[in-house]
Student: 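Below is one structure. I have some questions about it.
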Amino acid sequence: MATDFKESLDFDPDELRKRYRHERDKRIRQDGENQYVEAGGKFASYSEDDPYADPDFTRDPLNLEIDVAIIGGGFSGMMAAARMRERGFDNLKIIETGSDFGGTWYWNRYPGAQCDIESYCYLPLLEEMGYMPKDKYSFAPEIFAHSQAVGKYYDLYKDAIFQTRVKALRWDEDLKRWRIETNRDDDIRARFVVTAVGPASRPKLPGIPGIEDYEGHSFHTSRWDYDYTGGDHSGGLTKLADKRVGVIGTGATAIQCVPHVAEHAKELYVFQRTPSVVDLRRNSETDPDWYDSLEPGWQRKRRENFAAIIFGEPQQEDLVNDGWTDLAHRIGFIAQQRIAEGGKLDPETVREMTEIADFQKMNDIRARVDEEVGDPEKAEGLKPWYRLFCKRPTFNDQYLAAFNKDSVHLVDVSDAKGVERITKTGVVANGEEIELDCIIYATGFEITTAATRRMDFEIEGRGGVSLFDHWGGGIRTLHGVASHGFPNWFNIGVNQNGFSPNMTNMFDDLAIHIGYIIDEAQKRQAHIVEVSKEAETAWVDMIREMAAAAPNRDFLAECTPGYYNHEGQPDDAALQNTPYPGGINAFNKLLAEWRKAGDMEGLELR
Ligand code: NDP
């Protein structure tokens with residue numbers, strides 16, 4: 001069967017495999033994730049500066065006794081607060097570093113910022129709030145405004161403690177409460193704590209030698225400096241007209257902001273180590289008649305349909321129908337051909353079909369580069385040579401064409417595994433110094449790095465044990481939300497729970513689950529709810545076993561390096577830190593059954 005199938009292809013899979021392997025190998029660095037420096041210490045300004053807050057804000061230290069403290073006011077924290085509110089919890093506080101709600105959408109206001117997931121799936125609480133997104137793919141200002149609207153709708157502003165950075169959470173066994181220390185000398189004692197700090201809350205900087213020597217202007221994309229560039233989210237960066245600008249990085253963020261910088265900068269140098277997959281965006285305005293016709297329960301149904309298609313679960317229709325679900329259609333098409341030819345869909349065949357569909361999809365992505373970019377050398381440099389989901393795919397209709405301007409230069413640093421050096425006046429790449437007035441770091445976030453790098457505060461459970469020590473050999477939880485030794489503590493994160501590229505879907509479902517547990521603990525008059533050691537071990541073992549057997553285990557190991565595969569070095573801890581391998585729908589089914597059983601299995605209530 002396999003041979004017949006290959007004969008009908010207009011490309012050689014072996015050649016593509018070889019090319020992918022070559023591109024991957026040349027990018028692998030021995031220092032893996034340590035190639036990045038944390039945006040703390042002398043680099044703290046890259047993460048701690050807040051261009052949107054009142055710099056003179058002061059307040060007296062707080063001394064509070066509360067039921068629930070939620071750390072983080074992005075969508076995950078807001079979901080937790082909203083779902084607690086729905087259960088009648090009023091004595092709660094949300095502690096947030098920024099001066100408003102929004103999280104990643106508070107910080108990321110760079111030009112062109114847009115959500116890459118369909119707004120009808122991504123924007124939370126649309127049905128509850130009766131809100132119709134303007135477009136199929138929302139731009140950042142609308143998403144930030146929506147988070148503010150959620151804050152108003154659920155009356156969360158009265159409980160927000162903004163411009164406050166948590167320094168430590170310590171369990172006080174005598175009080176049976178968490179003591180929360182902050183940078184404003186607060187003493188907040190909470191029965192329950194939900195950490196909801198988001199996967200993209202801490203910017204990451206490349207550890208390029210000389211980075212601290214640069215004397216020109218620089219900033220990270222998540223702290224865009226409009227005073228320097230001029231303009232706003234929609235562009236108009238006119239102050240760059242006499243500037244030589246360098247953008248380091250070509251991930252999802254760079255793809256969105258580069259067209260705007262390209263339009264205005266005197267010269268733009270884009271330093272690229274790995275090209276992104278740049279698929280069509282094809283945005284469109286929402287049709288109000290269609291929106292009005294949606295039946296109650298539509299948003300959950302749509303999110304589940306989207307996740308099901310991505311995880312290869314058969315569906316009658318594709319409600320979202322975009323670049324995310326396209327690969328599944330291609331796989332389905334090949335599967336139908338195979339069945340028509342009398343073939344069987346055993347696991348090996350499915351693996352092979354998936355790879356073929358991926359090759360075809362990526363051939364189309366590469367062909368699009370040739371269609372958009374006139375200069376053949378630039379076009380060649382912009383082509384990605386890896387499988388579709390090795391990195392988060394991007395969608396943009398202006399990025400590739402921006403390279404047609406003579407003032408926009410593609411600096412390919414893949415052979416040197418990145419930019420070589422930064423000097424007082426510019427960037428050294430491929431042995432040549434390029435003088436720059438401004439460097440913009442589009443180098444991403446601490447998404448899958450060690451938990452200590454992602455949460456910049458201490459969490460001490462029973463007996464003063466640090467969460468980061470407890471998780472030293474890999475994350476340990478039940479259902480991704482709670483750990484043994486950390487009573488009344490819950491986490492909304494991306495490890496050991498159901499994954500979807502639609503993050504708000506994950507956050508909301510976890511918030512519902514955590515809300516249920518806290519509510520039940522209250523109803524059952526338990527002071528303490530804690531995961532048992534056995535339940536934690538069983539969940540961790542199950543995650544490891546499933547992850548080791550998952551068909552995509554080899555897939556990630558063979559991918560070009562990035563944050564999905566720990567920079568090409570997926571180790572033993574990484575295996576344990578994976579999401580629940582069955583996908584978000586299967587995970588939610590499991591949680592729903594767990595709640596229905598009503599016995600809080602795996603939790604000890606005291
Ligand atoms: P990424 O981590 O995706 O990209 C970082 C970029 O910096 C990569 O291109 C990387 O290259 C490059 N880089 C790092 N170090 C060096 C170096 N030493 N020299 C040269 N280049 C270097 O960050 P993003 O901010 O783009 O995106 C992060 C995530 O944020 C996305 O994956 C997505 O989840 C989310 N996001 C979502 C959006 C949305 O629409 N919902 C929009 C924007 C971001 P290499 O690839 O070789 O490592």
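These numbers come from a predicted model, not from an experiment. Start at 1 and go down the list; that is how both ligands and their atoms are numbered.
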Student: Any N or O of Lys204 that comes nearer than 3.5 Å to an N or O of ligand 1?
Tutor: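 In fact, backbone or side chain, Lys204 has no N or O that close.
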
Student: Output yes when the distance from some N or O of ligand 1 to some N or O of Gln35 is under 3.5 Å, and no in every other case.
Tutor: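 Gln35 vs ligand 1: no N/O contact under 3.5 Å.
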
Student: Kindly identify the option in Arg392, Gln272, Gln114, Glu446 whose heavy atom sits closest to atom 40 (O) of ligand 1.
Tutor: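 The nearest heavy atom belongs to Gln114.
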
Student: Looking only at non-hydrogen atoms, which of Gly444, Ala442, Pro206, Gly562 approaches atom 6 (C) of ligand 1 most closely?
Tutor: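 It is Ala442 that holds the nearest heavy atom.
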
Student: Report yes or no: does a heavy atom of Gln256 sit under 4.0 Å from some atom of ligand 1?
Tutor: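 Contact check Gln256 vs ligand 1: positive.
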
Student: Examine Asp116 against ligand 1 and note whether any of their N/O atoms are separated by less than 3.5 Å.
Tutor: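 Yes: some nitrogen or oxygen of Asp116 is under 3.5 Å from one in ligand 1.
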
Student: Does any N/O atom on Phe445 come nearer than 3.5 Å to any N/O atom on ligand 1?
Tutor: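 No - when backbone and side-chain N and O of Phe445 are compared with those of ligand 1, no distance drops under 3.5 Å.
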
Student: Tyr36: heavy atom below 4.0 Å from ligand 1, yes or no?
Tutor: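 Right, Tyr36 reaches ligand 1.
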
Student: Are side-chain heavy atoms of Phe499 and Phe587 found at a separation under 4.5 Å?
Tutor: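 Sidechains of Phe587 and Phe499: no contact.
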
Student: Determine, considering heavy atoms only, which of Lys417, Glu567, Lys391 sits nearest to atom 46 (O) of ligand 1.
Tutor: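 Answer by nearest heavy atom: Lys391.
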
Student: Record the part of Tyr441 in heavy-atom contact with ligand 1 below 4.0 Å; permitted values are side chain, backbone, both and neither.
Tutor: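 It is neither; nothing of Tyr441 touches ligand 1.
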
Student: Do any N or O atoms from the side chain of Asn305 and from the backbone of Lys301 form a donor-acceptor pair under 3.5 angstrom?
Tutor: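 Side chain of Asn305 to backbone of Lys301: no pair is present.
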
Student: Touching ligand 1 at all, Phe139? Heavy atoms, strictly under 4.0 Å?
Tutor: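 Phe139 does not count as a contact of ligand 1 under the 4.0 Å cut-off.
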
Student: Check ligand 1 against Tyr110 and write out every atom of the ligand that is under 4.0 Å from a heavy-atom position of the residue.
Tutor: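 Selected atoms, number and element: 42 (C), 43 (C).
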
Student: Do you see a protein non-hydrogen atom under 4.0 Å from atom 35 (C) of ligand 1?
Tutor: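 It does not: no protein heavy atom is found less than 4.0 Å away from atom 35 (C) of ligand 1.
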
Student: Quick check: does Thr274 get an N/O under 3.5 Å from an N/O on ligand 1?
Tutor: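 Among all N and O atoms of Thr274, at least one is under 3.5 Å from an N or O of ligand 1.
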
Student: Which of the atoms of ligand 1 are close to Thr250, meaning less than 4.0 Å from one of its heavy atoms?
Tutor: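 By the 4.0 Å cutoff, the relevant atoms are 6 (C), 8 (C), 9 (O).
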
Student: Backbone or side chain, does any N or O of Trp105 fall under 3.5 Å from an N or O of ligand 1?
Tutor: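 There is no such contact.
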
Student: Which atoms of ligand 1 have any heavy atom of Ile248 under 4.0 Å away?
Tutor: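 Listed by number with element: 20 (C), 21 (N).
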
Student: Between Val419 and ligand 1, does any nitrogen or oxygen pair lie at a separation below 3.5 Å?
Tutor: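 By distance alone, the answer is yes.
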
